[in-house]
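Chain identifiers are assigned alphabetically (A, B, ...) following the order of the sequence lines, protein sequences preceding nucleic acid strands; residue numbering begins at 1 within each chain. Note that the coordinates shown come from a computational prediction; the quantities given were computed from them, not determined experimentally.
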Protein chains: 2
Amino acid sequence: MALLDTVVMRGLSNQGALSTEDKAFLLELELNPRHMSASEVLWLENGQADLFCVVKEGWGYSYRNLKNGSKQILKFYLPGDIIGIRDFGFTRRLASAAMINDGVIYPFSYQQLFELFGRSSLAVGIMATAMRQQALLSERLVYLGKYAAHEQLAHFLYEIYLRLKRIGAVEDNSFLMPLTQELIGDALGMSPVHVSRTFSMLREEGLVIRDRQHVKLPDPEALARLVEFNDSYIDEFLPSAFSELLRATP
Amino acid sequence: MALLDTVVMRGLSNQGALSTEDKAFLLELELNPRHMSASEVLWLENGQADLFCVVKEGWGYSYRNLKNGSKQILKFYLPGDIIGIRDFGFTRRLASAAMINDGVIYPFSYQQLFELFGRSSLAVGIMATAMRQQALLSERLVYLGKYAAHEQLAHFLYEIYLRLKRIGAVEDNSFLMPLTQELIGDALGMSPVHVSRTFSMLREEGLVIRDRQHVKLPDPEALARLVEFNDSYIDEFLPSAFSELLRATP
DNA sequence: CATTATCCATAACCTATGTTAAGTGAGCGC
DNA sequence: GCGCTCACTTAACATAGGTTATGGATAATG
């Protein structure tokens, strides 16, 4: 029962929180264990997201390949860890995953996970929202790790731009951003002075016009190109991933 | 119906995925809106984690205060965002949260969220696992943002140490770590050369002994002090947070 | 209107970390 | 045993970004 070997589950089980039904359900969930060899890829970025795995033996990791040829590792997975719930709520993988050394994993389908949430698509929605937040966090981590200040800031502004656009708070490529440069610095891990420098840089390149809280991106697409913005993680119409599942489970 | 104003929920609703029961449940969930003024704190790190909020108006942010006096912002929250599900599954807050400007928020209790998951503490377990992953991610982000290389590496090693200890893979303060310095560099956003330099530094200080994959931490507590490791996010016996809830909802 | 506090821009200087390169030792195939 | 390759170490040099400081807007306050 691989899922039971998960740290949290083991805790729940010890406390008697898992009902007999729960345990029966877990057994039902179980697919075949899969033996993996070192460096074997579990899935690639943009691949179909339809399952997650419990790592039984060996180490794995998830990572994003970057435009400059390097990669940013998001997380190492040790035995007992669950790999791949990150993408629950998305149709495609946001990051690749691979093994480091030989190991054994137990795959579970999202479909099964979905059934687990029972009748409430509300619960699914909450879960999806949480995963979407995590996606934003991961993306920021990637930029913190490997990109230069002007790329980070461009990425940050573009993200805000997209998120505001979703809720109709962008007009004529302009929006209100009630942040001081100090706050932005605290978010991007850079000194306020350098935030200012970097804003000046972007201004000179005609990418960002800013007057206090008023921000205008004259050419959002240019910004997006600069940072190779992968908007699937923010713009994807999440629930579509569920509508299929909903159809499958009447 | 603030929760319905959430991006994901709106999507679900549009697609007719929400049943009448779901919607009734949502209505029931609703507490009173709360008017917040600029800079007002929603909660502090280590405070009790018992609710989350939907931001209706204004901007908010979550952040961690760092030992060096600065802070790392984890996320900005815009209208329609949910703030505070991050801590679902923990008893205490892992990060503080505050408003940036004036606004309105709708609080919801974790208790209600818990009921939403219905009879399945399995679902709760999955959710908690996901949140725990996010906590690790946040912690890494904090270190990427504001700490020097040797602090980052020390933190990384201590995290691995704790995680391996949980699953009984540490003996006599030693463990097997099948990572190259290049992989570690890809995780910490630093060049492999600097990983080597930094390992040398930690070795000279007697904090880390390493021979290829064999790692020994002669004095784990010293490492923990060096990085002010907040182990609540990794070591907390998560399900205890639920046992109360379970008792409350027979 | 005067005063003060914020926020921001720019400059000069300093340091941590990236880059490139060369050398060492362990493992492994031949 | 010989010559690979791979992982690591150390050194010399380059640079992005931190730090400190100063001045100038703009907004808040009396």
Side-chain angles (χ1 to χ4, degrees), chain A residues 38-39 59 66-73 100-101 143-157 176-205 207-216 226-227, chain B residues 37-39 59 66-73 100-102 143-157 176-205 208-216 226:
Chain A
S39 313
W59 287 36
L66 309 185
K67 57 177 182 184
N68 56 26
S70 66
K71 66 183 168 192
Q72 174 69 43
I73 292 177
I100 290 171
N101 46 11
Y143 268 79
L144 266 182
K146 301 272 171 138
Y147 286 114
H150 69 278
E151 293 168 308
Q152 275 188 64
L153 184 56
H155 182 270
F156 176 79
L157 291 173
L176 214 72
M177 184 172 69
L179 304 177
T180 64
Q181 294 190 350
E182 190 182 0
L183 277 176
I184 297 176
D186 284 339
L188 302 186
M190 99 183 53
S191 71
V193 176
H194 203 55
V195 173
S196 174
R197 276 197 281 247
T198 311
F199 260 119
S200 304
M201 226 176 111
L202 293 178
R203 173 171 19 88
E204 278 161 26
E205 293 173 27
L207 290 170
V208 178
I209 300 170
R210 192 181 56 92
D211 178 32
R212 309 220 130 237
Q213 307 200 344
H214 299 272
V215 178
K216 175 162 189 168
L226 172 63
V227 296
Chain B
S37 48
S39 314
W59 287 35
L66 310 186
K67 57 178 181 182
N68 55 28
S70 68
K71 66 183 169 195
Q72 174 68 43
I73 292 177
I100 290 172
N101 45 12
D102 294 350
Y143 269 79
L144 267 183
K146 300 270 172 138
Y147 285 115
H150 69 277
E151 293 169 307
Q152 275 189 64
L153 184 57
H155 182 271
F156 176 80
L157 290 173
L176 215 71
M177 183 173 69
L179 305 176
T180 64
Q181 295 190 350
E182 191 183 358
L183 276 176
I184 297 176
D186 285 340
L188 303 187
M190 96 182 56
S191 71
V193 175
H194 203 57
V195 173
S196 174
R197 275 198 281 247
T198 311
F199 260 118
S200 305
M201 224 173 114
L202 293 178
R203 174 171 18 89
E204 279 161 25
E205 293 173 27
V208 178
I209 300 169
R210 191 180 56 93
D211 177 33
R212 309 215 134 243
Q213 308 199 343
H214 300 273
V215 179
K216 175 162 190 169
L226 172 63

Atom-pair distance (CE on A:M177; P on C:dC8), nearest Å
9 Å
Taking only N and O in the side chain of A:R210, is any of them less than 4.0 Å away from OP1 or OP2 of C:dA9?
yes
Between B:R197 and A:H194, whichever has its closest DNA chain D nucleotide further toward 5' is B:R197
Looking at B:D186 and A:K146, is any side-chain nitrogen of the basic one under 4.0 Å from a carboxylate oxygen of the acidic one?
yes
Proximity to the side chain of A:A148 - top-ranked nucleotide from D:dA21, D:dG17, C:dG18:
D:dG17
Between A:V195, A:T198, A:L157, which is the residue that forms a side chain to side chain contact (heavy atoms under 4.5 Å, CB included) with A:I184?
A:V195
Taking only N and O in the side chain of A:Q181, is any of them less than 4.0 Å away from OP1 or OP2 of C:dT6?
no
Can you see whether B:R197 engages B:S200 through a side-chain donor-acceptor pair at a distance of less than 3.5 angstrom?
no
Establish, with yes or no, whether the OP1 or OP2 oxygen of D:dT10 is under 4.0 angstrom from a side-chain nitrogen or oxygen of B:S200.
yes
Between B:H150 (NE2) and C:dT15 (C1'), how many Å, whole number?
14 Å
Below the 4.0 Å mark, does C:dA9 have OP1 or OP2 next to a side-chain nitrogen or oxygen of A:S196?
yes
Between atom CD in A:Q213 and atom P in D:dT26, what is the gap in whole Å?
15 Å
May I ask you to decide if A:V227's main-chain N or O and A:Y143's side chain share a donor-acceptor pair within less than 3.5 Å?
yes
B:N101 CG to D:dA27 C1', straight-line distance once rounded to whole Å:
16 Å
Determine: side-chain N/O of B:T180 to OP1/OP2 of D:dC6, distance under 4.0 Å, yes or no.
no
Whole-Å gap separating P (C:dT6) and CG (A:L183):
14 Å
Atom pair distance, as rounded to whole Å: CG in B:D186 and P in C:dG18
12 Å
Within this structure, what is the NE2-CD1 distance for the pair B:H214 and B:I209, rounded to the nearest 0.5 Å?
13.5 Å
Choose from D:dG18, D:dA21, C:dA21 the nucleotide whose nearest atom is closest to any side-chain atom of A:S191.
D:dG18
Please compare B:R203 and A:V195 by the position of their nearest nucleotide in DNA chain D and report the one closer to 5'.
B:R203
Considering every strand and a 4.0 Å limit on heavy-atom distances, what is the contact class for A:G189: base, sugar-phosphate, or nothing?
sugar-phosphate
Starting at CG of B:D211 and ending at P of C:dG25, how long is that distance when rounded to a whole Å?
14 Å
What is the distance, rounded to the nearest whole Å, between atom CG of A:N68 and atom C1' of C:dG18?
13 Å
Could you please name the option among C:dC7, D:dG17, C:dT10 that lies closest to any side-chain atom of A:R212?
C:dC7
